[in-house]
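In what follows, a single structure is set out as structure tokens and then discussed.
Please read these numbers as outputs of a predicted model, since none were measured by experiment.
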Amino acid sequence: MNRGERRERGADAKVMNQTDHSSASAISAPSAVCLLPGLIATVGLITLAALRTLVMFSPQLYWMIDPRAVNVDIPTVEFGPTGAAITDWLCVVVLLLAIVDRLLRGGRVRWILLTLWLTGAGFVLFHGHDDAESLRLGGDWLGAMALGLAGLHLGVDVNWRRLILAAAVGLIVPLAGQAIYQVTVEHAMTVQNYEEHKAEIIRERGWTEGSTEQVKYEERLHQLEATARFGFSNIFGTVMATLSLIALGAAVTLLLSEPRKAEGYVIAAAAMMGLITLGLTFSKGALLAMIIAVVATGMVCAVSHVLKLGAAWWRIAAVVVVAMGLGAVAVRGAMGPPETAAGERSLLFRWHYWQAAERMLEQDPITGIGPGRFQQHYLTTKNPLNPEEVSDPHNVFVAYLSTLGIGGAAWVMVLIAMLCGAAGCVKRLETDEMKVDAPPLNEPWLWGAAIAAGVLACGTQYIAEWHRYWIETSALWVAASVLFVIITGMLARRDTLDGPYARLGLFAAAITLLLHSQIEMTLTNTMAAPLMFATLGAIVAAPSIKPHPRWQLFTMIPVGLAVLVTLMILHVIPVATQQSTLAAAADRLQRGDGRTAIALLEQANADGPFDARIAQDRARLLAEAGRPDQAVDVLAAARDHGQLLAQLWRTEAAIAANVWQQHRRADWLKRAVYAAEHATLYDPFGINTHVIAGDLAYQAGRIDQARALYRKALQLSDQAYLDPNKQLPVDERARLTGRLGG
């Protein structure tokens with residue numbers, strides 16, 4: 001069929017559409033009311049997805065650094081756990097509105113996927129009732145997947161689908177702007193500030209000069225790679241690769257259409273910005289995943305065209321391509337470790353993470369270990385050759401299964417369904433199966449939605465970061481925000497994203513995301529996951545083939561409200577209350593009122609789920625106040641919760657050793673040795689843990705015990721050759737060797 005014939009058929013279809021709906025350029029009052037939940041949900045989805053990428057979301061706002069060293073009244077450029085919990089809850093609100101939108105118009109609701117999501121959510125709340133970190137991280141996962149399911153339901157309507165995908169393309173500009181400014185300006189300023197205040201920064205973080213923590217920090221500090229607000233170049237690379245492929249598909253579609261070449265150049269420029277930013281991340285994995293996805297898409301398309309294969313072929317191909325990530329890691333693991341640190345380590349380390357995760361799952365295959373406890377369990381289950389202490393297995397499937405058990409398996413099924421949906425959408429659109437159950441919105445509605453989302457997301461970004469904006473950064477923010485709105489509105493008002501090349505770009509984008517997520521953390525990252533899930537949901541949206549009766553709306557609304565109330569009571573309120581109490585404790589401590597701060601820290605753990613780090617800080621303050629007996633009791637009570645066991649034992653050893661040094665009480669030295677010895681049981685591969693335990697045993701006159709610990713430390717140091725920075729420094733190694741020979 002030539003271009004002229006396609007235009008004629010398109011014109012005929014448009015006339016028929018106008019006949020069916022009275023007018024495609026106007027919406028009657030009843031239709032507007034019916035579309036209102038979907039419009040609000042779409043604007044909310046875009047706002048939340050964009051906000052989580054534009055503003056830093058910190059895992060813990062207070063007490064990461066001693067409040068006495070940092071003024072808690074200084075404005076921050078980040079949202080803490082409370083902000084994250086609120087946005088997670090709003091993601092579920094958006095999901096509920098999306099379902100209401102489907103039911104109001106008699107559309108299909110994916111009840112099976114919703115049930116699977118609720119199953120995983122139940123396991124998150126189960127772990128979160130007594131583990132603050134599991135509640136915070138699990139809540140982020142819960143909200144991100146809710147946004148993905150919202151996109152999946154909203155995307156059935158061509159209006160909402162185009163808006164969501166257009167916003168994903170528009171978001172390239174502010175993200176790329178952040179990255180370019182970071183690399184060209186902020187990086188040099190950050191390095192200069194560190195060099196000028198090096199001693200102060202080391203002291204604030206509790207490091208010592210030349211420590212492993214300082215060396216690793218400086219190593220990352222001097223890496224000139226774009227991370228934007230994500231903190232990890234691999235995650236940012238995945239985001240930019242995914243969005244760039246969507247933009248490339250849309251740009252090619254526009255450039256091959258005579259009347260739309262001007263718009264095509266704008267979208268092509270956005271795609272190029274995304275690809276340039278991808279290069280600035282230096283993420284080899286993201287780049288390779290994108291190349292594999294593009295090549296695979298081309299091959300699958302060619303074979304499908306020649307052999308006249310249907311959607312099943314695309315689904316099989318998608319699963320095979322994504323499985324390549326799993327296969328690559330398994331093959332690398334089977335090859336064994338390199339002889340030196342110069343060999344390939346990235347995929348090998350992933351294999352080590354998965355081995356440890358398998359052992360964790362064996363410990364508790366029903367409920368998993370909890371989202372916030374992976375790092376703690378990793379200390380005891382990891383491969384001795386692996387020098388890292390990771391908090392995530394760098395694979396979305398492995399992360400869900402090991403931490404949530406059956407609930408994680410339910411979420412894995414949701415992701416697999418989305419993967420198959422990404423493959424099926426290409427053929428559905430190709431055969432015009434994606435039916436529009438409402439007339440296309442007129443341009444004022446679409447532009448209004450784009451502007452509303454831009455104001456909400458970019459406006460919140462400005463409110464959070466206003467104090468760091470100067471003339472040039474303000475101009476950059478204004479330009480990025482305006483271009484975000486322009487690109488979103490421009491793409492949303494066209495059928496560009498339904499074109500053949502755009503469809504292939506969407507397929508390649510989904511495959512890139514899911515392929516690279518097999519070896520990194522994008523879909524479990526607090527900031528990246530909401531955007532990626534929302535985009536993926538819109539890509540895989542299926543047509544309404546089996547309408548449901550509207551009476552289900554009356555049962556869905558109370559169930560949805562019950563879910564929202566449950567999440568508010570069990571997630572948002574506990575997190576917000578606990579963080580408020582921590583903020584008050586930090587303020588009192590900064591004012592010199594240590595007694596009140598200690599009491600408030602105790603109250604913080606009573607206000608929300610238990611957090612061992614809060615107990616640890618309270619114990620340290622008690623020790624500083626001359627109450628070491630109470631400090632030890634607090635640590636003992638904290639260990640009963642089974643959290644951060646190695647860390648809590650190390651803290652007790654440090655407190656007891658300090659009392660021994662000050663008062664020379666033999667019972668406290670004995671207690672220090674006992675605590676340090678137990679720390680090695682929960683951190684059996686920790687080099688410094690064994691050195692500390694050995695030093696304390698040496699001071700107590702237990703020479704044989706000390707030498708055994710020193711030998712173990714030296715052995716572990718030798719095993720850590722895959723990361724020389726983790727090995728013992730030369731002077732420290734000489735000291736231990738000397739004591740062994742003495």
Kindly write out the residues that satisfy ring-ring contact (aromatic ring centres under 6.0 Å, His included) with F236, not counting sequence neighbours, or none if the list is empty. F230

With sequence neighbours excluded, what pairs up with F685 under the side chain to side chain contact (heavy atoms under 4.5 Å, CB included) test? K382, P384, L716

By side-chain hydrogen bond (donor to acceptor under 3.5 Å, both in side chains), which residues pair with W668, not counting sequence neighbours? none

Which residues pass the side-chain hydrogen bond (donor to acceptor under 3.5 Å, both in side chains) test with Q376, sequence neighbours left out? none

Hits for side chain to side chain contact (heavy atoms under 4.5 Å, CB included) against A676, two or more places apart or cross-chain, chain-then-number order -> A653, A693, L696

Please identify each residue that fulfils salt bridge (charged side-chain N to carboxylate O under 4.0 Å, His left out) with E358, with sequence neighbours left out. none

Residues in salt bridge (charged side-chain N to carboxylate O under 4.0 Å, His left out) contact with D704, at least two apart in sequence or another chain: none

Approximate separation, where rounding is to 0.5 Å, of L114 CG and L96 CG: 10.0 Å

Cation-aromatic face contact R332/W351, 6.0 Å, 45 degrees: no

Taking salt bridge (charged side-chain N to carboxylate O under 4.0 Å, His left out) as the test, write out the residues that go with D718, two or more places apart. R733

Determine the sole option in K726, Q355, H352 for which the side-chain hydrogen bond (donor to acceptor under 3.5 Å, both in side chains) test with N386 is passed. H352

side-chain hydrogen bond (donor to acceptor under 3.5 Å, both in side chains) pairs, two or more places apart, involving residues 526-536: D140-T526

Under the rule for ring-ring contact (aromatic ring centres under 6.0 Å, His included), what residues qualify as partners of H394, not counting sequence neighbours? Y353

Sequence neighbours excluded, which residues qualify as salt bridge (charged side-chain N to carboxylate O under 4.0 Å, His left out) partners of E388? none

Sequence neighbours excluded, the answer for side-chain hydrogen bond (donor to acceptor under 3.5 Å, both in side chains) partners of T281 is none

